[in-house]
Colleague: 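I'd like to ask you about the structure that follows.
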Amino acid sequence: MSQIFRPSSNAVSKISLLVVVLTVGFLGWALWGLAYSPFATRSKIPFDQPVPFSHKHHVGGLGIDCRYCHPVVERTAFAGMPATETCMSCHTMIWTNAPMLEPVRQSWATGKSLEWNRVHDLPGFVYFNHSIHVNKGIGCQSCHGRVDQMPLMYQVNTLYMDWCLECHRNPEKYVRPRDKVYQMDYEYPANQAEVGARLVAEYKIQKFTDCYTCHR
Amino acid sequence: MRIPFLLLLRNTRKTDRARGSDTPVFLKAMAPRGAAFALLGALALTGCRQDMHDQPRYRPFAATDFFGDRRASRPAIPGTVARGMLKTDTGYWTGKAAGKEVERYPLPLTREVLERGRDRFNIYCQPCHGAAGYGNGIIVTRGLKNPPSYHTDALREAPIGHFVDVMTNGSGSMLSYASRVPVRDRWAIAAYIRVLQQSQNVKAGDLSAEERQKVNAPEARAAEPKKEAAH
């Protein structure tokens, strides 16, 4: 009866152990990379839109406040998309012949909605509320990035739960004065640890990390 | 799930030994297990369904094929009145009552109201009307026809309701802001417009001695810390 293990089995077993470790490690690394890549998170990818609306021009160039077009962000869960009326407040008078704006004029003439593509698409089981965040001193830019530098809107962050929790666990790192919430180029002071802790107390920010805070 | 686990647990060594094969038996034994792992992996991947992510409900302003206008958020049926929104007080809601612009400010006038007005003015009005209300906002530099300056006798003497009426119903080429600015804020803005008018129309005699000194000493004014520009 032949031996079950030949001498070469030693080498094979050692190498296969190494191969297993390396393979598992590589797969883990690759999956992690994939999960956080723009491919999976859809971040850093500008979206096509019916009208190539440029936040860079309107916010960065003209300095129009976020709330001019997203007027209910302070009051409701949804930040609000501008009605065609909002676009036409200026564009009945300027750039009235721009071909780019034809869909807006069409919408104005027919009353049909413009159909924008949602850039920040949270899963259906997440109930995010804009109003509480902006009223507690979380800047637009903290989640949406430098919108004033985006010719076409794209998502900056992963919108993963670990990303949400990072701030929900440490709000003092990210909170800013309420009157700076809509400022795009806000820079945190060097003593943010102190300022943040003071603002957390002043705004009565609670560290909500219960499941039901966001999931219902 | 049961079958792959059975494959994993099945001991194949005995049969291989019986066959007397030269291939190391443990490798052979691993083959079905490997296949089972691959199968498990494949099953795990097919488990990535998006049902919970894309739930069969509509989010605000979502598109739908169900309604002809493709709006999931339904416009209110004409004549619908929300609680407390009957708007019988037309003077308060539109700035005009019985065709006449309201003369009397309908809310308690406090510092908070004026600050709220400044805040809202800088968001909704300043792009065209300019921060001081001369009708020289940044949009004007991009080709918009100058809106009228607030600092004319006609507008200084206009009743407060005039401004609320313009914000509510629009005027000339200005569209209505009623859908964007709630009525309380419209009144706050109107009050702030009065502040702007006052700020540009103060007689030297109305100033206190201290204030007059400040005005007369421009270098002192320049040394003062600059007020932060409204973003």
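Fair warning: this is a prediction, and the values are worked out from it, not measured in the lab.
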Colleague: Crowded around A/Asn97 CG? As in, over 12 foreign heavy atoms under 6.0 Å?
Modeller: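 Atom CG in A/Asn97 is not packed in, count stays at 12 or less.
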Colleague: Any chance you could measure A/Met88, atom CE, to B/Leu175, atom CG, to the nearest 0.5 Å?
Modeller: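 Rounded to the nearest 0.5 Å, the CE-CG separation comes out at 8.0 Å.
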Colleague: Does the side chain of A/Glu85 come under 3.5 Å of the side chain of B/Ser176 through a donor N or O and an acceptor N or O?
Modeller: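 No, no side-chain donor-acceptor contact under 3.5 Å.
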Colleague: For the NZ atom on A/Lys136, are there more than 12 heavy atoms of other groups (residues, nucleotides or ligands in this structure) within a distance under 6.0 Å?
Modeller: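 It does: A/Lys136 NZ has more than 12 such atoms within range.
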Colleague: I'd like to know which of B/Ile123, B/Asp69, B/Ile138 tops the heavy-atom pair count under 4.5 Å against chain A.
Modeller: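 With the most close heavy-atom pairs to chain A, the winner is B/Ile123.
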Colleague: Rounded to the nearest 0.5 Å, how far apart are CZ of B/Arg120 and CG of A/Asp65?
Modeller: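 It comes to 8.0 Å.
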Colleague: By a 4.5 Å heavy-atom criterion (distance strictly below it), what part of A/Ile94 contacts chain B: side chain, backbone, both, or neither?
Modeller: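 Contact with chain B is through the side chain of A/Ile94 alone.
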Colleague: Where does B/Arg70 contact chain A at under 4.5 Å (heavy atoms): side chain, backbone, both or neither?
Modeller: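 Interface part for B/Arg70: side chain.
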Colleague: Tell me whether the count of non-hydrogen atoms from other residues, nucleotides or ligands lying under 6.0 Å of CH2 in A/Trp163 goes above 12.
Modeller: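 Counting neighbours around CH2 of A/Trp163, more than 12 heavy atoms of other residues, nucleotides or ligands fall under 6.0 Å, so yes.
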Colleague: Please round to the nearest 0.5 Å and tell me the distance separating atom CZ of B/Phe61 and atom CZ of A/Arg118.
Modeller: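 Spacing of CZ (B/Phe61) from CZ (A/Arg118) equals 10.5 Å.
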Colleague: Hey, is CZ on B/Arg111 packed in by over 12 heavy atoms from elsewhere, all under 6.0 Å?
Modeller: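 Atom CZ in B/Arg111 is not packed in, count stays at 12 or less.
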Colleague: Looking at chain A, which one of B/Gly143, B/Pro60, B/Pro127 has the largest number of heavy-atom pairs inside 4.5 Å, strictly under?
Modeller: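 Among the listed options, the one with the most contacts to chain A is B/Pro60.
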Colleague: Looking only at heavy atoms, what is the nearest atom pair of A/Cys90 and B/Ile139, with distance?
Modeller: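 Reported closest heavy-atom pair: SG-CG2, 4.0 Å.
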Colleague: Which heavy atom in A/Pro123 sits nearest to a heavy atom in B/His53, and how many Å separate them?
Modeller: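 Looking at all heavy atoms of both residues, the shortest contact is CB-ND1, 3.5 Å.
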Colleague: Return the minimal non-hydrogen interatomic distance between B/Ala63 and A/Glu115, and the atom names on each side.
Modeller: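 Result for this residue pair: CB-OE1, 3.9 Å.
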Colleague: Which heavy atom of A/Ser89 sits nearest to which heavy atom of B/Arg180, and what is that distance?
Modeller: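 Shortest heavy-atom contact: OG-NH2, 2.8 Å.
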Colleague: Of the backbone (N, CA, C, O) and the side chain (C-beta and beyond), which part of A/Phe78 lies under 4.5 Å from a heavy atom of chain B, both, or neither?
Modeller: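 The side chain, not the backbone.
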Colleague: Output the distance between atom SG (B/Cys128) and atom CE (A/Met93), rounded to the nearest 0.5 Å.
Modeller: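 Spacing of SG (B/Cys128) from CE (A/Met93) equals 6.5 Å.
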Colleague: Between A/Thr86 and chain B, with a heavy-atom cut-off of 4.5 Å, which part of the residue counts as in contact: side chain, backbone, both or neither?
Modeller: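 Contact with chain B involves both backbone and side-chain atoms of A/Thr86.
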Colleague: Between B/Arg142 and chain A, which part of the residue has a heavy atom less than 4.5 Å away: side chain, backbone, both or neither?
Modeller: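 B/Arg142 touches chain A through backbone and side-chain heavy atoms alike.
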Colleague: Check B/Asn122, B/Val181, B/Asp119 against A/Arg67 for a side chain to side chain contact (heavy atoms under 4.5 Å, CB included) and give me the one that passes.
Modeller: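 Only match with A/Arg67 under side chain to side chain contact (heavy atoms under 4.5 Å, CB included): B/Asp119.
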Colleague: According to salt bridge (Lys or Arg N to Asp or Glu O under 4.0 Å), who are the partners of A/Asp121, at least two apart in sequence or on a separate chain?
Modeller: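 Scan of A/Asp121 (salt bridge (Lys or Arg N to Asp or Glu O under 4.0 Å), adjacent residues dropped) gives A/Arg42, B/Arg59.
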Colleague: With a sphere of 6.0 Å drawn around CG of A/Asp48, does it hold more than 12 non-hydrogen atoms of other residues, nucleotides or ligands?
Modeller: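 No - once you tally the heavy atoms of other residues, nucleotides and ligands closer than 6.0 Å, there are 12 at most.
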Colleague: Does any heavy atom of chain B fall under 4.5 Å from the side chain of A/Tyr186, the backbone, both, or neither of them?
Modeller: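 Neither part.
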Colleague: Can you name the nearest heavy-atom pair linking B/Arg57 to A/Phe125, along with the distance?
Modeller: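 Nearest heavy atoms, B/Arg57 then A/Phe125: NH2-N, 4.4 Å.
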Colleague: Verify the neighbour count for atom CZ of A/Phe39: are there more than 12 heavy atoms of other residues, nucleotides or ligands below 6.0 Å?
Modeller: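 Counting neighbours around CZ of A/Phe39, 12 or fewer heavy atoms of other residues, nucleotides or ligands fall under 6.0 Å, so no.
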Colleague: Any idea which of A/Ser113, A/Ser8, A/Pro82 has the most non-hydrogen atom pairs under 4.5 angstrom with chain B?
Modeller: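 Heavy-atom pair counts peak at A/Ser113.
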